Trainee: 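One structure, pasted below without further comment.
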Amino acid sequence: MAQDSRPLFIILLGPPGAGKGTQARRLAERLGLPHISSGDLFREHLKNQTPLGQLAQQYMSKGELVPDEVTIGMIKDRLARPDAQRGAILDGFPRTPAQAQALDALLAERCARVVVPYIRVPEEELIARLSGRLTCRAHGHVFHVRYNPPKQPGVCDYDGSELYQRDDDKPETVRRRIQVYHEQTAPLIDYYRQRCVLVEVNGDAPLDEVTQALLEAVQGRGA
Ligand code: ADP
Ligand code: AMP
């Protein structure tokens with residue numbers, strides 16, 4: 001049978017702390033597609049002190065969403081780059097119905113295949129994951145103080161850079177982010193279910209098991 005040459009977009013859906021970033025990196029490596037994280041892109045802008053980074057920071061620090069127009073523009077630019085022509089693993093985008101509609105239009109133009117794994121994790125577990133998350137300064141690699149500790153405390157296994165706790169992983173902001181998720185992002189579960197592209201995956205399992213379940217979900221969709 002001829003190989004399907006249409007681009008493949010895997011949209012990882014799930015609350016903050018579900019494991020989207022961790023799993024997106026693994027899938028990107030396995031499938032040879034770029035990992036595109038809207039949060040990482042905003043943090044990169046912030047590190048470089050661009051006007052977009054400074055604007056985004058006003059929202060990120062409070063656990064609110066960056067306005068749709070700005071976020072959609074940033075992702076459109078990223079998806080226009082050569083490495084995303086065969087597809088991508090999207091992590092943290094879309095997060096609102098308006099973002100999902102903008103993405104749909106873009107992917108329809110490209111005749112893309114779309115799979116949307118929804119990573120389900122109980123709320124108490126999310127709080128434990130976010131409050132122990134460690135992030136690397138150089139490239140955003142993610143660890144956890146207990147669940148996925150680095151080999152050497154405070155140092156990234158992959159690039160040797162410093163690990164830090166994200167400001168928005170502090171308890172008050174974590175609570176607000178989970179609330180914002182329920183209000184603005186959770187409606188996308190039904191949005192994608194109605195389009196028959198949603199696959200539920202249990203995210204409350206060891207890292208390797210979740211990766212395996214995601215790969216099966218993607219393959220099960222013929223992707
Ligand atoms: P998200 O991108 O969805 O916000 P992350 O991938 O950053 O989530 O994961 C949040 C935290 O939970 C990180 O510290 C990560 O190491 C940890 N984590 C991710 N998946 C699991 C898992 N299956 N079991 C235990 N801890 C996990
Ligand atoms: P994340 O790295 O996915 O946890 O995102 C961190 C923060 O970046 C969020 O709490 C938002 O403030 C902002 N952000 C990331 N992605 C989006 C998005 N798709 N829409 C709006 N804001 C976003």
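Everything quoted here is computed from the prediction, not taken from an experiment. Numbers for residues simply follow the sequence, beginning at 1. Worth knowing before you read on, the calculation uses all heavy atoms, side chains too, and leaves out hydrogens, waters and symmetry mates. Just follow the structure's listing: the first ligand is 1, and inside any ligand the first atom is 1.
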Trainee: Would you say Pro122 and Asp204 make side-chain contact, with heavy atoms under 4.5 Å?
Mentor: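 Side chain of Pro122 against side chain of Asp204, heavy atoms only: contact under 4.5 Å found.
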Trainee: Out of the candidates Val197, Leu198, Asp104, only one should pair with Tyr191 under the side-chain contact (heavy atoms from CB on, under 4.5 Å) rule; please name it.
Mentor: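 Exactly one candidate clears the test, Asp104.
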Trainee: Among all protein heavy atoms, pick the one closest to atom 7 (O) of ligand 1 and tell me residue, atom and distance.
Mentor: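 Here the closest protein heavy atom is Arg133 NH1, 2.6 Å.
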Trainee: Share the residues that join Leu207 in a hydrophobic cluster, the rule being Ile, Leu, Val, Met, Phe, Trp or Tyr side chains under 4.5 Å apart at the heavy-atom level.
Mentor: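 The other cluster members (ILVMFWY side chains, heavy atoms under 4.5 Å, direct or chained): none.
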Trainee: Please write down residue, atom name and distance for the protein heavy atom closest to atom 8 (O) of ligand 1.
Mentor: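 Here the nearest protein heavy atom works out to Gly19 N, 3.2 Å.
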Trainee: Is there a side-chain contact between Leu27 and Leu12 in this structure, where contact means two heavy atoms from C-beta onward sitting under 4.5 Å apart?
Mentor: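 Yes. Closest side-chain heavy atoms under 4.5 Å.
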Trainee: For ligand 1, which atoms sit closer than 4.0 Å to a heavy atom of Thr22?
Mentor: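 Within the 4.0 Å cut-off of Thr22, ligand 1 contributes 5 (P), 6 (O), 9 (O), 15 (C), 19 (C).
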Trainee: Among all protein heavy atoms in this structure, tell me which lies nearest to atom 4 (O) of ligand 1, with the distance rounded to 0.1 Å.
Mentor: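 Sorting protein heavy atoms by distance from atom 4 (O) of ligand 1 puts Gly17 N, 2.8 Å first.
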Trainee: Salt bridge (Lys or Arg N to Asp or Glu O under 4.0 Å) with Asp68: which residues, sequence neighbours excluded?
Mentor: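 With neighbours one apart ignored, the set is empty.
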Trainee: So which protein heavy atom does atom 24 (N) of ligand 1 come closest to, and at what separation?
Mentor: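 Result: Arg129 NH2, 3.5 Å.
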Trainee: Surrounding CZ of Arg78 (heavy atoms of other residues, nucleotides or ligands, distance under 6.0 Å), is the total greater than 12?
Mentor: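 Yes, enclosed.
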Trainee: Determine whether Ile36 and Leu46 fall in the same hydrophobic cluster, where Ile, Leu, Val, Met, Phe, Trp and Tyr are linked whenever their side-chain heavy atoms lie under 4.5 Å apart.
Mentor: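 Result: no, two separate clusters.
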Trainee: Does Asp91 come within less than 4.0 Å of Lys20, counting only side-chain N to carboxylate O?
Mentor: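 Salt bridge between Asp91 and Lys20, a charged N being under 4.0 Å from a carboxylate O: no.
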Trainee: I'd like to check which ligand 1 atoms, numbered from 1 as shown, lie under 4.0 Å from a non-hydrogen atom of Tyr147.
Mentor: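 Near Tyr147, the atoms of ligand 1 are 25 (C), 26 (N).
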Trainee: Could you work out, with salt bridge (Lys or Arg N to Asp or Glu O under 4.0 Å) as the rule, every residue matching Arg25, not counting sequence neighbours?
Mentor: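 With sequence neighbours excluded, Arg25 shows a salt bridge (Lys or Arg N to Asp or Glu O under 4.0 Å) to no residue whatsoever.
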Trainee: Output the set of protein residues with a heavy-atom contact under 4.0 Å to ligand 2, ordered first by chain identifier and then by residue number.
Mentor: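 The answer is Ser38, Gly39, Phe42, Arg43, Met60, Glu64, Leu65, Val66, Thr71, Gly92, Phe93, Arg95, Gln99, Arg166, Asp168, Arg177, counting any residue whose heavy atom sits under 4.0 Å from ligand 2.
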Trainee: Under 4.0 Å, heavy-atom basis, I'd like to know which part of Ser37 is in contact with ligand 1: side chain, backbone, both or neither.
Mentor: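 Answer for Ser37: neither.
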Trainee: Do any nitrogen or oxygen atoms of Phe143 lie less than 3.5 angstrom from nitrogen or oxygen atoms of ligand 1?
Mentor: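 Checking ligand 1 against Phe143, an N or O pair does fall under 3.5 Å apart.
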Trainee: So is there a nitrogen or oxygen of Ala18 less than 3.5 Å from a nitrogen or oxygen in ligand 1?
Mentor: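 Yes - when backbone and side-chain N and O of Ala18 are compared with those of ligand 1, one distance drops under 3.5 Å.
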Trainee: What I want to check is whether the side chains of Thr211 and Arg26 have a donor and an acceptor closer together than 3.5 Å.
Mentor: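 Looking only at side-chain atoms, Arg26 and Thr211 do form a donor-acceptor pair, the distance falling under 3.5 Å.
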Trainee: Given the ring of Phe9, does Arg113 sit roughly above its face, with NZ or CZ under 6.0 Å from the centre of the six-membered ring and within 45° of the axis?
Mentor: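 Cation-pi check for Arg113 and Phe9: fails.
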Trainee: Give the atom numbers and elements of ligand 1 that come within less than 4.0 Å of a heavy atom of Ala205.
Mentor: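 Under 4.0 Å from Ala205, ligand 1 has these atoms: 22 (C), 23 (N), 24 (N).
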Trainee: In ligand 1, which numbered atoms sit nearer than 4.0 Å to a non-hydrogen atom of Leu207?
Mentor: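 Taking each heavy atom of Leu207 in turn, ligand 1 has 19 (C), 20 (N), 21 (C), 22 (C), 23 (N) under 4.0 Å.
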Trainee: For atom 15 (C) of ligand 1, which candidate among Leu13, Leu12, Val142 provides the closest heavy atom?
Mentor: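 Of the listed residues, Val142 has the closest heavy atom.
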Trainee: Taking a hydrophobic cluster as the set of Ile, Leu, Val, Met, Phe, Trp and Tyr residues connected by side-chain heavy atoms closer than 4.5 Å, whether directly or through intermediates, do Val115 and Leu13 fall within one such cluster?
Mentor: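 They do not share one cluster, since no chain of ILVMFWY contacts under 4.5 Å joins Val115 to Leu13.
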Trainee: Below a 4.0 angstrom heavy-atom separation, can you tell me which part of Pro15, side chain or backbone, both or neither, approaches ligand 1?
Mentor: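 The answer is the backbone of Pro15.
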Trainee: So, do Leu103 and Leu107 sit near enough that their side-chain heavy atoms are less than 4.5 Å apart?
Mentor: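 Yes; the side chains approach each other to less than 4.5 Å.
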Trainee: Which of the numbered atoms in ligand 1 are below 4.0 angstrom from a heavy atom of Gly21?
Mentor: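 Selected atoms, number and element: 1 (P), 2 (O), 6 (O).
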